[in-house]
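All heavy atoms count here, side chains included; hydrogens, waters and symmetry mates do not. Labels below follow one simple rule: chain letters A, B, ... track the order of the sequence lines, proteins then strands, and each chain is numbered from 1.
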Number of protein chains: 2
Amino acid sequence: MGRSPLWTAIRDRLSEEIADGHYAPGDKLPTEAKLAERFGVNRHTVRRALADLAETGTIHARRGAGVFVRHRPTPYPIGRRVRFHQNLTAAGRVPEKRILHLETRAAGPDEAEALSLDDGAEVHVYEGLSLSDGAPIALFRSVFPAARFPQMLRALQATQSVTQAFKANGLDDYTRARTTITAKTASPTLATHLHLPGGAAILRTVGVNVDAAGRPVEYGRTWFAGDRVALTLGEDG
Amino acid sequence: MGRSPLWTAIRDRLSEEIADGHYAPGDKLPTEAKLAERFGVNRHTVRRALADLAETGTIHARRGAGVFVRHRPTPYPIGRRVRFHQNLTAAGRVPEKRILHLETRAAGPDEAEALSLDDGAEVHVYEGLSLSDGAPIALFRSVFPAARFPQMLRALQATQSVTQAFKANGLDDYTRARTTITAKTASPTLATHLHLPGGAAILRTVGVNVDAAGRPVEYGRTWFAGDRVALTLGEDG
DNA sequence: GCATATTTGTCCGTATGTATA
DNA sequence: GTATACATACGGACAAATATG
């Protein structure tokens, strides 16, 4: 016997095989009995190793079903330049957006303040669903100053892309000025939209995009499914 | 028997007694055998409950000595992570850090990968609680390569500051290379530790700090109370 | 819908190693 | 050195959830 416990070696071996792709995300691991037989140990020793892997979120056990490799959350960079389509394609995912609602209305107080608008100024509102490989990962609501981007809704209707819509309205580039991140539990309606169980954890981001001159052009709120996305800061995800 | 496992009742009972002050911080719990006798269960059932309490740092077991309550307040309110301290003081809050646990052990697979260490390499572990105006806002666990920073634990014990501990170990500057943020619901024990209702939303951040040469020097995981903290990016954050 | 096998979760009992007092 | 107490590992049994026919 070495200095380190038996179960750590089993944990490391399984961790390697998962990292190597021998067990892909969503795959079912062999049963605890099979693993115990393979490693020549008691089932409880295997369970100790699996418990450690579950603690770090590598695997997930379902009673009566088996032990499964967790899907790695979609990495979503939220640095200075936030681009949904670019983010997901870079991660090897297939991005998709679904329009839930488009309208023009008077800005609320928080929206007016974020966009530096006068009270009663009108904003375009873009509500939609973001999907990664067909699975919904976020619900978003973006508001834009209507006076400055009169054709915004038409462009959004056509492309569903904020970046493209801005270009069609004469804005070639924009950057994220600030982002605020909080966590909350999913409301029933939010849960149904994101296909989550009630009470699931939600990542809520609130951000303001500005043009080159620093003027706010978009005030966006996004509710991410907490277990399907990982917001990343820095160079790699 | 109720629908919930026996050990959860024992965990909850012990957690209450610790919260009520029946067992004060630093106190030694009765031995596992005594607890087993008291609750009329097997010793392993008590151990399952203790393991859950130890996972979030409520208690700490010392082989040969006993199980101790860890929630000991630190007498040194100064010295903390730079961003944590700067952010809270800038917000008009009083920041505080409490050391929950310090140890040296072999790195897990994820820790070894994040720190670019060989299998079996040792890491120093720093677990603690971050408070704002006396209220806990986050639980954190940082690991450092032990070979490079042999005196890390001693320095942390003295200053509670990662920055100062690094300086004491010859590292004058370090930067955050990447951070990932996910959301999850609080486990019962984590909720108790952060004084949150069960099932509350948790912001989980995982980050790596590197030196000027880009070598990883710290791998940190933090669990924020989702409704008490708002991570902000941009400006000078 | 229902019965049955499978698989994980829980609990008990025992033995031995190892760090601490 | 001795006693104590936690850590590890094994073995068995049953319950609960799931999958399968």
Side-chain angles (χ1 to χ4, degrees), chain A residues 1-14 18 23 26-70 197, chain B residues 1-14 18 23 26-70 100-108 120 122 125 127 153 187-189:
Chain A
M1 294 296 191
R3 278 175 47 252
S4 56
L6 241 183
W7 63 266
T8 62
I10 298 172
R11 174 201 62 189
D12 294 345
R13 187 84 183 92
L14 290 175
I18 291 173
Y23 298 116
D27 279 2
K28 180 176 169 300
L29 292 185
T31 69
E32 294 174 348
K34 289 262 173 62
L35 288 174
E37 185 184 6
R38 171 191 162 188
F39 290 109
V41 298
N42 189 270
R43 175 174 160 238
H44 293 303
T45 307
V46 168
R47 281 178 62 79
R48 182 65 183 86
L50 294 177
D52 207 57
L53 289 173
E55 193 183 339
T56 54
T58 305
I59 60 174
H60 176 246
R62 285 171 51 208
R63 172 188 288 188
V67 179
F68 300 84
V69 180
R70 284 201 100 100
Chain B
M1 293 299 182
R3 286 168 37 234
S4 56
L6 241 184
W7 63 265
T8 62
I10 298 173
R11 173 202 63 194
D12 294 343
R13 187 83 184 93
L14 290 174
I18 291 172
Y23 299 116
D27 278 2
K28 179 178 171 296
L29 293 185
T31 68
E32 294 175 348
K34 289 262 173 60
L35 288 173
E37 184 184 7
R38 170 190 164 189
F39 290 108
V41 298
N42 188 271
R43 175 173 156 247
H44 292 303
T45 308
V46 168
R47 280 178 62 77
R48 183 64 183 86
L50 294 178
D52 209 53
L53 289 172
E55 191 180 339
T56 49
T58 303
I59 59 173
H60 167 52
R62 286 169 53 205
R63 174 183 292 190
V67 180
F68 299 85
V69 181
R70 265 208 256 165
L100 295 178
H101 187 48
L102 292 171
E103 70 169 338
T104 303
R105 57 162 169 77
E122 285 199 326
V125 182
E127 286 183 20
L153 289 193
S187 63
T189 48

Item to check | Residue pairs involving residues 33-42 of chain B (criterion salt bridge (Lys or Arg N to Asp or Glu O under 4.0 Å); sequence neighbours excluded) | outcome: E17(B)-R38(B)

Next on the checklist: When you measure only distances, ignoring hydrogens and angles, does the side chain of H44(A) come within 3.5 Å of the base of dG9(C) through a donor and an acceptor?
Outcome noted: no

Item to check | By side-chain contact (heavy atoms from CB on, under 4.5 Å) - contacts of A36(B) (at least two apart) | outcome: R43(B), V46(B)

Next on the checklist: Using the side-chain heavy atoms of T31(B), tell me which of these nucleotides is nearest: dT8(D), dC6(D), dT8(C).
Outcome noted: dC6(D)

Checklist entry - Within the pair N42(B) and dC11(C), is there a side-chain N or O less than 4.0 Å away from OP1 or OP2? => result no

Checklist outcome for this item: When rounded to whole Å, the CD1 to C1' distance for the pair I10(A) and dT8(D) reads 12 Å

Checklist entry - Given dC10(D), dA19(D), dA7(D), which nucleotide is nearest the side-chain atoms of A65(A)? => result dA19(D)

Checklist entry - In Å and rounded to the nearest 0.5 Å, what is the CD1 to CG distance from I59(A) to D52(A)? => result 9.5 Å

Checklist entry - Do any side-chain nitrogens or oxygens of R43(A) fall under 4.0 Å of OP1 or OP2 in dC10(D)? => result no

Next on the checklist: Measure NZ/K28(A) against P/dA19(D) and give the value in whole Å, please.
Outcome noted: 10 Å

Item to check | Base paired to dG1(D) (Watson-Crick or G-U; both N/O distances under 3.5 angstrom) | outcome: none

Checklist outcome for this item: Tested for side chain to side chain contact (heavy atoms under 4.5 Å, CB included) against L53(A), the lone hit among V67(A), L29(A), V69(A), L14(A) is L14(A)

Checklist entry - What parts of residues 33-41 of chain B reach DNA chain D, counting only heavy atoms under 4.0 Å away? => result none

Checklist entry - Think R62(A) has a side-chain N or O under 4.0 angstrom from the OP1 or OP2 of dA17(D)? => result no

Checklist entry - Rounded to whole angstrom units, what separation is found between the CD atom of E32(B) and the C1' atom of dA19(C)? => result 14 Å

Item to check | Distance in Å, R11(A) CZ paired with T58(A) OG1, rounded so as to fall on 0.5 Å steps | outcome: 10.0 Å

Next on the checklist: Expressed as a whole number of angstroms, how long is the span from L50(A):CG to dG9(C):C1'?
Outcome noted: 13 Å

Checklist outcome for this item: Out of dA16(D), dT8(D), dT10(C), minimum distance to the side chain of R63(A) belongs to dA16(D)

Item to check | Interatomic distance, R48(B) CZ vs dC6(D) C1' [rounded to whole Å] | outcome: 17 Å

Checklist entry - Given atom CZ of R47(B) and atom C1' of dT14(C), what is their separation to the nearest angstrom? => result 14 Å

Next on the checklist: Judged by each residue's nearest nucleotide on DNA chain D, which is more toward the 5′ side, F68(A) or V46(A)?
Outcome noted: V46(A)

Checklist entry - Taking only residues two or more places apart in sequence, or in another chain, which ones meet D12(A) in a salt bridge (charged side-chain N to carboxylate O under 4.0 Å, His left out)? => result none

Checklist entry - Considering residues at least two apart in sequence or located in another chain, which fulfil the side-chain contact (heavy atoms from CB on, under 4.5 Å) criterion with T45(B)? => result L6(B), W7(B), I10(B), V41(B), N42(B)

Item to check | R48(A): salt bridge (charged side-chain N to carboxylate O under 4.0 Å, His left out) partners, not counting sequence neighbours | outcome: none

Item to check | dC10(D) OP1/OP2 closer than 4.0 Å to side-chain N/O of T45(A) | outcome: yes

Checklist entry - Between R11(A) (CZ) and dA9(D) (P), how many Å, whole number? => result 12 Å

Checklist outcome for this item: L6(B) atom CG is separated from dA16(D) atom C1', nearest whole Å, by 15 Å

